[in-house]
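Start at 1 and go down the list; that is how both ligands and their atoms are numbered.
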Amino acid sequence: MAKNMKTIGVLTSGGDAPGMNAAIRAVVRVGSYHGLKVMGIKRGYNGLINGEMVQLEPRDVSEILQRGGTMLQTARCLEFKEEAGVKKGVEIAKVFGLDGLVVIGGDGSFRGAKDLCAAGLPTIALPGTIDNDIDCSEYTVGYDTCLNTVKDAVDKIRDTATSHERCSVIEVMGRAAGYIAIQAGIACGADVILVPENKWSFDEDVLRPILESKSRGKRHSIVVVAEGIGGVIEMAKEIEEKTGIESRATILGHVQRGGSPTVQDRVTASEMGALAVELLLAGKQNRIVCLRDNKVTDVDIEEGLAMKKELPQRLVNLAKQLAI
Ligand code: ADP
Ligand code: F6P
C-alpha cells in the first residue's frame, strides 16, 4: 500500500452515463476491501471545491449497480477550469484528509484530474461517457447501454416508418463524435448515417441513397444523424419536398443517457473502478484507466489526452454497403 494512502475520494463529472454507479460502487468496495476510507464527493468538481462529501461504506452503495445516472450527482464546474478553482479543490481535499481521488467522466474531467495531480492531489481518471470518445480507451462506460437504448428506439420508429412508407430522420447524441451514430446506425440498418467527423452533402449523401433505396423496393428510409450535425427537422422537410416521400424527424435526446446499465457497462465499470483504487494504492497518479487490446489497463493522462481517436472508416463504408 502507498505509505500515505488512507483516505480517497470519488466523484462523477461532466455528462452522466449508465454504469457510473457501478464504477462508484467498485471504488467504494475495493477501497474498503483494502482498508481505505472512501469519501463520495457530490456534484463533480463543485462538491470538491465546496467540501460537499460524505463517507461511503460498502452498504451505502447497495442497490445502485443496476441504476442509471450517478448517486453522487454530476456537474460541469466552470470555476474548476481556472487555476484558483483547482487550488481550492486541493486545499479542501487536505481539510477532509483525502490522499487520492478517482474522477469518473469524460475528457474535460480528465483535464481537471491532470490539473489536480499537478497541484498536489494524486488523481486517477476513469472514462464514463456515452460518447465513447476518449482517445486512449477502446471503450467508455455507458456506451453500450446508450447503443441499446438507441437500438430499441430506432427499431420502434422503423415499425411505424414501414407502415406509413415514410422516411425517418433520427438525431442521436454525439456533439463531436459519431460513434453512437455509426454503431447504432449499423445495428438498426440505417440507409444514411451522418457523423461530425466526415464531410457530407445533402444531394449526394442524403437524397441519392434515399431515392436509390426507394427504387430498389424499400418501403421506408432510416436516416441517423449525429447531434453535432443537427438540423433534423429541416432535413426531414427538405427530404419530403425534394423526393415526395413523407418524412418525419425524431430527436432522441436525453433518453439516451439514462437506463439500467448493460452487463458490459457494469463489468467494465467494476473492473475500471477496482484498477483505479489499485493504482492509488500502488502510489501511482496522473493515470487514465482504459481499455486497450480488450484489457483494462492504464496510461499517463497527458499521453492519453494527446491521442487522437479516429472513427473507423471501415464502419462508414460497411454501413453504405449494407444499405443497398
Ligand atoms: P466531460 O468530462 O464529459 O468531457 P466537460 O468537458 O463538460 O465534460 O468537463 C467536465 C468538467 O471538467 C468541467 O465542467 C470542468 O469542471 C472540468 N474541466 C473541463 N475542462 C477543463 C480544463 N481544461 N481544465 C480543468 N478542468 C476542466
Ligand atoms: O458527452 C455526453 C453528451 O451526452 C453528448 O453526447 C451530448 O452532446 C452532451 O453530453 C449533451 O449534454 P447536456 O447534458 O448538456 O445536454
Atoms in ligand 1 flagged as close to Gly106, the criterion being non-hydrogen separation under 4.0 Å: 1 (P), 2 (O), 3 (O), 4 (O)
Under-4.0 Å heavy-atom contact with ligand 2, by part of Gln256 that carries it: neither
Shortest reach to atom 1 (O) of ligand 2 by a heavy atom, considering only Asp131, Ile180, Thr74: Asp131
Atom 2 (O) of ligand 1 - nearest protein heavy atom and its distance: Ser109 OG, 2.5 Å
Polar contact flag, side-chain donor to acceptor under 3.5 angstrom, Gln66-Glu63: yes
Nearest-neighbour protein heavy atom for atom 8 (O) of ligand 2, which is reported as residue plus atom name and distance: Glu227 OE1, 2.6 Å
Protein heavy-atom partner closest to atom 3 (C) of ligand 2 - residue, atom, separation in Å: Arg257 NH1, 3.5 Å
Atom indices of ligand 1, in the order listed, that fall short of 4.0 Å to a heavy atom of Gly14: 3 (O), 8 (O), 10 (C)
Heavy atom of the protein closest to atom 11 (C) of ligand 1 (residue, atom name, distance): Ser13 OG, 3.5 Å
Aromatic plane relationship, Phe80 with Tyr45 - under 30° parallel, 30 to 60° tilted, over 60° perpendicular: parallel
Atoms in ligand 1 flagged as close to Arg76, the criterion being non-hydrogen separation under 4.0 Å: 7 (O), 14 (O)
Ligand 1 versus Tyr45: contacting region, heavy-atom distance under 4.0 Å: side chain
Short side-chain donor-acceptor distance under 3.5 Å, Asp16 and Thr74: no
Nearest-0.5 Å distance, CD of residue Glu240 to CE of residue Met235: 14.5 Å
Close N or O approach (Gly108, ligand 1; < 3.5 Å): yes
Residue Gly15 vicinity, atoms of ligand 1 by number, heavy atom under 4.0 Å: 3 (O)
Atoms of ligand 2 close to Gly174 [distance to a heavy atom under 4.0 angstrom, numbered from 1]: 6 (O)
Identified side-chain contact (heavy atoms from CB on, under 4.5 Å) counterpart of Tyr143 within the set Thr145, Thr140, Val141: Thr140
Donor-acceptor side-chain pairing of Arg166 and His220 below 3.5 angstrom: no
Evaluation steps, side-chain contact (heavy atoms from CB on, under 4.5 Å), between Val192 and Asp205: CA-CA 7 Å; Val192 173; Asp205 302 297; 5.6 Å; no
Gly105 N/O to ligand 1 N/O under 3.5 Å: no
Atoms in ligand 2 with a heavy atom of Arg76 nearer than 4.0 Å: 10 (O), 12 (O), 13 (P), 14 (O), 15 (O)
Taking atom 24 (N) of ligand 1 as the reference point, the nearest protein heavy atom with its distance: Asp115 OD2, 3.2 Å
Contact atoms of ligand 1, heavy-atom distance to Arg111 under 4.0 Å: 21 (C), 22 (C), 23 (N), 24 (N), 25 (C)
Protein contact to atom 14 (O) of ligand 1 [nearest heavy atom, distance to 0.1 Å]: Cys77 N, 2.7 Å
Atoms of ligand 1, numbered as shown, that sit under 4.0 Å from any heavy atom of Gly112: 25 (C), 26 (N), 27 (C)
Residue Lys87 excluded, over 12 heavy atoms near NZ under 6.0 Å: no
Donor + acceptor pair across side chains of Asn132, Glu138 (<3.5 Å): no
Shortest non-hydrogen contact between Val28 and Ser32, atoms and distance: O-OG, 2.7 Å
Distance from atom 16 (O) of ligand 2 to nearest protein heavy atom, with residue and atom: His254 NE2, 2.8 Å
Identity and separation of the nearest protein heavy atom to atom 9 (C) of ligand 2: Arg175 NH2, 3.6 Å
Polar side chain donor-acceptor pair, Ser260 to Arg266, under 3.5 angstrom: yes
Check against side-chain contact (heavy atoms from CB on, under 4.5 Å), Ile210 and Val223: CA-CA 9 Å; Ile210 290 173; Val223 178; 3.9 Å; yes
Salt bridge present between Lys309 and Asp133 (N-O < 4.0 angstrom): no
